[in-house]
Amino acid sequence: MNKEFITEIISRAVKDYGFRQVVLYNIEGINEYIETTEQIPSELIKIIEKKINPALSELPVPVEPKDQKAIINDILFLLNDSID
Amino acid sequence: MLTDKIAIVTGGADGIGKAIVQELAQQGAKVILADRNVILGEQVTKTFNDNKLDVEFQKMDISKSIDVINFFKIIKEKFDVFDILINNAGIYVKTGKVTETSELEWNLSIQTNLTGTFLCCKYGIPLMEQKGGSIVNISSGSGIKGSYNAAAYGVTKAGIIHLTKTASLEFANKNIRVNCVVPGLIDTQQSRGSTGSAEAFKKWEAGIPMQRAGKTNEIAPLVTFLCTNGASYITGSEFQINGGSLA
């Protein structure tokens, strides 16, 4: 699991309400459809569920384009200690 | 009108599904509100109960086969049979052109919208065969007309229309009617979220002949009608509600 991939997942979850629902309620389902080498480790899934999802579930709908970058950075900051 | 009927609404915690739950319950049905969002599902159910509506929450993620199987096991144990199934749950994952759509985006869309609806039919219909009943699948205008950058979503919604027609043929002799409601742009979290900005949503609305998005309570009455005796000879049909978008 590299930092770019998890950044992409968080970015998508902020920008795309539909993808956000997947992260919120079925993040382990993402692993079913991606290469084994890119799969989200179970420990990171737990961290996302614990630290990220509460923030994602509070986001406005939609997140306006002008606000997206700052929100993505804020959410990624929550993960800083957990990804390489 | 629906007294003594037991209804199941997938994706019932929000948007169109929530409005359908309310309408069915107001017409006298006992409604099982199924959703994967437990917090919202329980909260919405409590509000309905506070308003004297007979609604019960049951967690189900239709994208997971085991969830669907377990859900209908619980329904079988509790009620033995049921009368009405509204396959409403679905997601819209943003994609690019066909060539830009990732396999992840494609599979997530198919698994939830199409496979999820199929699974609910596969495991739900056996509990309807004894008494007969009504199934209403919720599709989308994208399932009828091509939409830019929405191949995955559109294919799932077109598939739902076809699933409707096939199931209607296969179970007409069991008095199970299967119909499809095809909404256009409806003002929900999902449609606002998928447009990407308030400005883009307004532009979409401006392109509709009636120049506005529909409301969830403009979908629920037709869905409910299709579940009543008034619709007793209607099956295998699709009904568009879109402010004239596909006229």
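Within every chain, numbering begins at 1; the chains are lettered A, B, ... in the order of the sequence lines, protein sequences first and strands thereafter.
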Rounded distance (nearest 0.5 Å) linking atom [atom1] of [X] with atom [atom2] of [Y]:
X	Y	atom1	atom2	answer
B:Lys94	A:Lys15	NZ	NZ	9.0 Å
B:Leu108	A:Ile34	CG	CD1	9.5 Å
B:Ile39	A:Ser57	CD1	OG	7.0 Å
A:Tyr25	B:Ile91	OH	CD1	12.5 Å

Inset, instruction - Measure the shortest side-chain to side-chain distance between A:Gln21 and B:Gln189 over non-hydrogen atoms and say whether it is less than 4.5 angstrom. - result: no
Legend entry - Flag side-chain contact, heavy atom, 4.5 Å: A:Tyr17 against B:Gln190: yes
Inset, instruction - Tell me, for A:Arg12 versus chain B, whether the close heavy atoms (under 4.5 Å) come from the side chain, the backbone, both or neither. - result: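 For A:Arg12, side-chain heavy atoms alone lie under 4.5 Å from chain B.
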Inset, instruction - Examine whether an atom of A:Leu59 lies under 4.5 Å from a heavy atom of chain B, and if so say whether it belongs to the side chain, the backbone or both; otherwise answer neither. - result: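 For A:Leu59, there is no contact with chain B at all, as no heavy atom is under 4.5 Å.
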Looking only at heavy atoms, what is the nearest atom pair of [X] and [Y], with distance?
X	Y	value
B:Leu104	A:Phe19	CD2-CE1, 4.3 Å
A:Pro62	B:Ala198	CG-N, 4.1 Å
A:Pro65	B:Gly196	CD-O, 3.5 Å

In terms of heavy-atom pairs under 4.5 Å with chain A, which of [options] leads?
options	value
B:Glu103, B:Glu199, B:Glu105	B:Glu105
B:Ser194, B:Gly193, B:Ser102, B:Ser109	B:Gly193
B:Asp61, B:Thr195, B:Val93	B:Val93

Inset, instruction - State whether the number of non-hydrogen atoms from other residues, nucleotides or ligands found under 6.0 Å of B:Lys122 atom NZ is greater than 12. - result: no
Inset, instruction - Measure B:Asp14 against the heavy atoms of chain A and call it side chain, backbone, both or neither at under 4.5 Å. - result: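 Just its side chain gets close to chain A.
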Inset, instruction - May I ask you to decide if A:Tyr33's main-chain N or O and B:Asn107's side chain share a donor-acceptor pair within less than 3.5 Å? - result: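 Flag not set: sc B:Asn107 to bb A:Tyr33 has no pair under 3.5 Å.
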Legend entry - B:Lys64 and A:Glu28 ion-paired at < 4.0 Å: yes
